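Accompanying notes for the structure given below.
Just so it is clear: chains get the letters A, B, ... in the order the sequence lines come, proteins before strands, and each one is counted from 1. Keep in mind it's a predicted model, so treat the numbers as computed, not measured.
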2 protein chains.
Amino acid sequence: MSMTDQSPLGRKLSAFVALSDAELAVLAGLHQRRRVFVAGRDLVHQGQSKQAAYILASGWVCSYKIQPDGSRQIVDFQIPGDFLGLRSVLLRTSDHSFEPIVDIEAAEVLASDLLKAFADTPRLATAIFWAASRDEAMVVEHLVGVGRRDSDARMAHFLLELGSRLALVGIGSKDGYDCPLTQYHLADALGLSAVHVNRVLRQLRERGLVTFRDGHVSFDDRDRLAELAEFDSTYLDHEGPLLK
Amino acid sequence: MSMTDQSPLGRKLSAFVALSDAELAVLAGLHQRRRVFVAGRDLVHQGQSKQAAYILASGWVCSYKIQPDGSRQIVDFQIPGDFLGLRSVLLRTSDHSFEPIVDIEAAEVLASDLLKAFADTPRLATAIFWAASRDEAMVVEHLVGVGRRDSDARMAHFLLELGSRLALVGIGSKDGYDCPLTQYHLADALGLSAVHVNRVLRQLRERGLVTFRDGHVSFDDRDRLAELAEFDSTYLDHEGPLLK
DNA sequence: CGCGAAGGCTGACTTCCATCAGTTCCGTAT
DNA sequence: ATACGGAACTGATGGAAGTCAGCCTTCGCG
């Protein structure tokens, strides 16, 4: 199976374990029940129970929690190749919501099919658990950012992390990437107000570090940006395949 | 096996699945290699690789990340019955550190033993994954708190959550619990300065909501405290066993 | 066409929390 | 017995980010 044939998930997992053709075939099998969802209408809503998991094939999604007072915290963004709702399979009710940011395509995966795939191809299972662990590490890093970084470093770190993640599934380049997020999304993710997000972006642009404009992020000076963010990507753990 | 014989982990898992004697025996088997660690000396250090997982038997631990600038963010506290480092088994290097807050006892669990237990007793495996999912949900809720709650609500929420968790493993009562954390721990966990933590605690005490003094938390008015915190415990998911 | 909604952008004012610079209290090691 | 270190505690001051209020542009649509 050639590189270009691979799903984004296949591509991502290949960075961790070298998957055999048989394993790739099982993975492809999980992509059967393809569904389309429109931007803005929640896929899963907080408090809902017993929903399937999804593998995102194209488009962007965010997972978030709404507070009783109406404010929301975006926990993470999902990009092609990411799982949605893998964790909440075991908890009775989903503790958060998923909103497609643009129109998306996703493969619905039934818990039973997933478990069968795990039993048949343990290496694939390991790879998927690796991906889940990495997602959790990103949430932790997100928490650190919100708790301990000022708004500039927070934004810088966020934009760099996103760039790294996209690169891993073959989207974007060293210099930047297309990004459909609004300043409101950034605000809800970073724990800032939309007004302040705007000011921070302006500042970073004027300092010649990054430009986020018209749905595109350009790294104007990646090194200085990484320095400001104190960006250390080891938690993303992609140094080439571990298991041959 | 009677209730009082159970390890804290057994007790916690029993709230999710009713475990058979055979399953409880396997679980007890995982507690073989008992070790003791002294307060303050890190169990696992950020950047370290290939360490075992642990089941905490007694005492308190915190997991945290240190920033290059020296500030630290505590990600979570572990109490008896919690796993340490379950997630980082798959990532090459641990992305965070574990520090015992008091002297602790913990069972060291080798990855191979854990996998064998999973293979032999799938229901136990499910229960442990449930616990892992719940831990992740707590980190998410923590992120929400740091991102979207002001310092009072944040503290209130934290103290209530901890009370709920302790109750699940049979520690503390409806009215309060013993708690060895210092105000510095609270500050590092909640993304506040120690000075401000002190003020917030004073305020909550003066308003007659909670008293945290001399290593003991007392809920003076649990209802009003929960209201201030907008505490909704569904993410903790303990409404009695799901699987009979 | 023109209206409204969504997103981006900005200035003025306010608030929450960090920082600095201490003091007090206690337990323990010299 | 006293000196020391860790933790709790406090007042004064400043700064980072929130809130409020408003303007401009673009784009879809009645």
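Within 4.0 Å of R202(B), counting heavy atoms only, lie sugar-phosphate atoms of the nucleic acid but no base atom.
Listed by chain and number, the residues in a ring-ring contact (aromatic ring centres under 6.0 Å, His included) with F231(A) are H157(A) (sequence neighbours excluded). Residues passing the side-chain hydrogen bond (donor to acceptor under 3.5 Å, both in side chains) test with S193(A), sequence neighbours excluded: none. Residues passing the salt bridge (Lys or Arg N to Asp or Glu O under 4.0 Å) test with R202(B): none are found, sequence neighbours excluded. Y64(A) meets the ring-ring contact (aromatic ring centres under 6.0 Å, His included) test with no other residue; sequence neighbours excluded. Under the rule for a ring-ring contact (aromatic ring centres under 6.0 Å, His included), H142(A) has no partner lying at least two apart in sequence or in another chain. With sequence neighbours excluded, the residues forming a ring-ring contact (aromatic ring centres under 6.0 Å, His included) with F77(B) are F158(B), listed by chain and number.
Sequence neighbours left out, the pairs with a member in residues 180-193 of chain B that pass salt bridge (charged side-chain N to carboxylate O under 4.0 Å, His left out) are R148(A)-D188(B), R72(B)-D188(B). Residues in residues 43-63 of chain A take part in these ring-ring contact (aromatic ring centres under 6.0 Å, His included) pairs, two or more places apart or across chains: F37(A)-Y54(A). Annotation: salt bridge (charged side-chain N to carboxylate O under 4.0 Å, His left out) contacts involving residues 166-179 of chain B, sequence neighbours excluded, are absent.
Sequence order on DNA chain C of the closest nucleotides to R205(A) and R199(A) puts R205(A) first from the 5' end.
Within residues 142-154 of chain B, the residues approaching DNA chain C are D150(B), S151(B), by heavy-atom distance under 4.0 Å. Listed by residue number, T182(A), Q183(A), V195(A) are the residues of residues 181-196 of chain A with a heavy-atom contact under 4.0 Å to DNA chain C.
The separation between D214(A) atom CG and dT25(D) atom P is 15 Å, rounded to whole Å. When the C1' atom of dT19(D) is taken as reference, atom CG of N198(A) falls 15 Å away, rounded to whole Å. The nearest whole Å value for the distance from the CG atom in L201(A) to the P atom in dA17(D) is 13 Å.
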Notebook entry, point to check: D220(A) and T211(A): side chain to side chain donor-acceptor pair (under 3.5 Å), yes or no, with the steps?
Noted result: CA-CA 7 Å; D220(A) 301 323; T211(A) 305; 2.6 Å; yes
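Between the side chains of R207(B) and Q203(B), at least one donor N or O sits under 3.5 Å from an acceptor N or O.
Along DNA chain C, the stretch of nucleotides lying under 4.0 Å from any heavy atom of chain B spans, 5' to 3', dC17(C) to dC20(C).
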